[in-house]
Amino acid sequence: MKQYKLLLVTILMFFMTGCSSAEDQLLEQFPDYNEIIESLSSDKQKQLSSIAKENKDYTFEEVYEQNFYDENSDFLSFVIQDKAKNLQSLLKENTNIELKFPQLINDGEQLWSASYDVYVDGTKTDGNVRLVWNNSTNSYAGATVFFGENGSFTDNELLCKYVIMTGTDPFDNISESRADSIVRWCRNYNSYTVSSDFDIYIMNQNLFVFPYKF
């Protein structure tokens, strides 16, 4: 009987430590993100912990982002993830702006967005960048930059420039010189025709990069 009780206690302790080990592992690996980690559900902690174990060189943001795309593969194509990585790389190399912690947003019917919070000098703003996928046509549907409640295009020109540089076609980037010209044009006229397929315009605190066919 005593052996049975001891075995039962051992099994219970195993499951108890197993449930907390994911959180402990994340907190040990990413101590600066304790508030976010502790706010996550145990299932989410386990998912992130598994990715972190497989990718030791990932930052917490990269672990979170990979989990986001794994969870939402039915709604977002790898094209969106590649666009995001390209944009993040451009921003990291050239600015003090970061895009972090994407959320899935339904923009209507079969339109789904990866919506990224915008950080400047490590501080979160109320702006965001959305990369949009059209599930009905299985195609990239463009991007939006929300400037924030009190923001303007002028305040966000640098961010807009690099969003524009990621291109309007899934595999066709725009050169920096052309992106600079587009930004200058938008500053004066609030819109720009990129090609026969795509148009860029500013409206209601947003920069839109959407196809005519949309």
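Not counting sequence neighbours, the partners of K161 by the salt bridge (Lys or Arg N to Asp or Glu O under 4.0 Å) test are E176, D180. Applying the side-chain contact (heavy atoms from CB on, under 4.5 Å) rule to T59 yields the partners E61, E62; only residues at least two apart in sequence or on another chain are considered. For the ring-ring contact (aromatic ring centres under 6.0 Å, His included) test, no residue two or more places apart in sequence or in another chain qualifies with Y58. Among residues two or more places apart in sequence or in another chain, the ring-ring contact (aromatic ring centres under 6.0 Å, His included) test is passed with F75 by W112. Under the salt bridge (Lys or Arg N to Asp or Glu O under 4.0 Å) criterion, K92 pairs with no residue, sequence neighbours left out. The salt bridge (Lys or Arg N to Asp or Glu O under 4.0 Å) search around D107 returns R130, not counting sequence neighbours. The side-chain contact (heavy atoms from CB on, under 4.5 Å) check on S39 picks up nothing, with sequence neighbours excluded. Residues passing the side-chain contact (heavy atoms from CB on, under 4.5 Å) test with S49 are A22, Q25, L26, K53, sequence neighbours excluded. For F68, there are no ring-ring contact (aromatic ring centres under 6.0 Å, His included) partners two or more places apart in sequence or in a different chain. Partners of Y64 by ring-ring contact (aromatic ring centres under 6.0 Å, His included), not counting sequence neighbours, listed by chain and number: F101.
L99 and Y119 fall into different hydrophobic clusters, where Ile, Leu, Val, Met, Phe, Trp and Tyr residues are linked whenever their side-chain heavy atoms come under 4.5 Å apart, directly or through other members. By the criterion of side-chain heavy atoms lying less than 4.5 angstrom apart, applied directly or through intervening Ile, Leu, Val, Met, Phe, Trp or Tyr residues, V209 is not grouped with F146; the two fall into different hydrophobic clusters. Hydrophobic clustering (side-chain heavy atoms under 4.5 Å, transitive across Ile, Leu, Val, Met, Phe, Trp, Tyr) groups L158 together with I200. Hydrophobic cluster membership is shared by F30 and L27, with clusters built from Ile, Leu, Val, Met, Phe, Trp and Tyr side chains linked at under 4.5 angstrom. Residues V63 and Y69 fall into different hydrophobic clusters, defined by Ile, Leu, Val, Met, Phe, Trp and Tyr side chains chained together at heavy-atom separations under 4.5 Å.
One finds the CG atom of N72 at 4.5 Å from the CG atom of L104 (value rounded to the nearest 0.5 Å). Atom-to-atom distance recorded for I202:CD1 and N204:CG is 11.5 Å, nearest 0.5 angstrom. The OG atom of S50 sits 9.0 Å away from atom CG of N55, with the distance rounded to the nearest 0.5 Å. Atom-to-atom distance recorded for D24:CG and Q45:CD is 9.0 Å, nearest 0.5 angstrom. Taken from OG1 in T166 to CG in N86, the straight-line distance is 6.5 Å, to the nearest 0.5 Å. Taking CG of L90 as the reference point, atom CD1 of I97 lies at 11.5 Å (rounded to 0.5 Å).
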> Can R184 and S181 be said to form a side chain to side chain donor-acceptor pair (under 3.5 Å), step by step?
Replying inline: CA-CA 5 Å; R184 287 194 298 270; S181 297; 3.2 Å; yes
> Can L207 and I164 be said to form a side-chain contact (heavy atoms from CB on, under 4.5 Å), step by step?
Replying inline: CA-CA 10 Å; L207 173 82; I164 291 169; 4.2 Å; yes
>> I'd like to know whether K44 forms a salt bridge (charged side-chain N to carboxylate O under 4.0 Å, His left out) with E23, so could you lay out the CA-CA distance, the side-chain angles of the two residues, the decisive distance to 0.1 Å, and finally the verdict.
In response: CA-CA 9 Å; K44 178 69 72 175; E23 179 177 353; over 6 Å; no
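When every heavy atom of P102 is checked against every heavy atom of E65, the shortest pair comes out as CG-CG, 4.1 Å. Between M165 and S175, the shortest heavy-atom contact is CG-O, 4.1 Å.
No side-chain heavy atom of N128 sits less than 4.5 Å from a side-chain heavy atom of Y116. Between C160 and F153 there is a side-chain heavy-atom pair separated by less than 4.5 Å. Counting only heavy atoms from C-beta outward, the side chains of Y201 and N190 never approach each other to under 4.5 Å.
With L48 as the fixed residue, the side-chain contact (heavy atoms from CB on, under 4.5 Å) test singles out one of N67, I36, I37: N67. Across N156, L159, L91, a single residue satisfies side-chain contact (heavy atoms from CB on, under 4.5 Å) together with V129, and that is L159.
A donor-acceptor pair is defined here as one N or O able to donate and one able to accept, closer than 3.5 Å; such a pair exists between the side chain of T125 and the backbone of V118. A donor-acceptor pair is defined here as one N or O able to donate and one able to accept, closer than 3.5 Å; such a pair exists between the side chain of N106 and the backbone of L111. With hydrogens and angles ignored, the 3.5 Å screen pairs no side-chain donor or acceptor of Q88 with any backbone N or O of E98. A donor-acceptor distance shorter than 3.5 angstrom exists from the side chain of S77 to the backbone of V79, with no hydrogens or angles considered. In terms of modelled atom types and a separation under 3.5 Å, the side chain of N138 and the main chain of N134 share no donor-acceptor contact. Put simply, the side chain of W185 gets close to the backbone of S191: a donor and an acceptor are under 3.5 Å apart.
Listed by first then second residue, pairs satisfying salt bridge (Lys or Arg N to Asp or Glu O under 4.0 Å) with a partner in residues 134-158 read E157-R187, not counting sequence neighbours. Residue pairs satisfying the ring-ring contact (aromatic ring centres under 6.0 Å, His included) criterion with at least one member in residues 32-55, sequence neighbours excluded, are listed as follows: Y33-F60.
By the 6.0 Å contact criterion, CG on N150 is open, its count of non-hydrogen atoms from other residues, nucleotides or ligands being 12 or less.
Classification of D117 and K100 as a salt-bridged pair fails, no side-chain N sitting under 4.0 Å from a carboxylate O.
A side-chain N or O of Q66 and one of Q81 form a donor-acceptor pair less than 3.5 Å apart.
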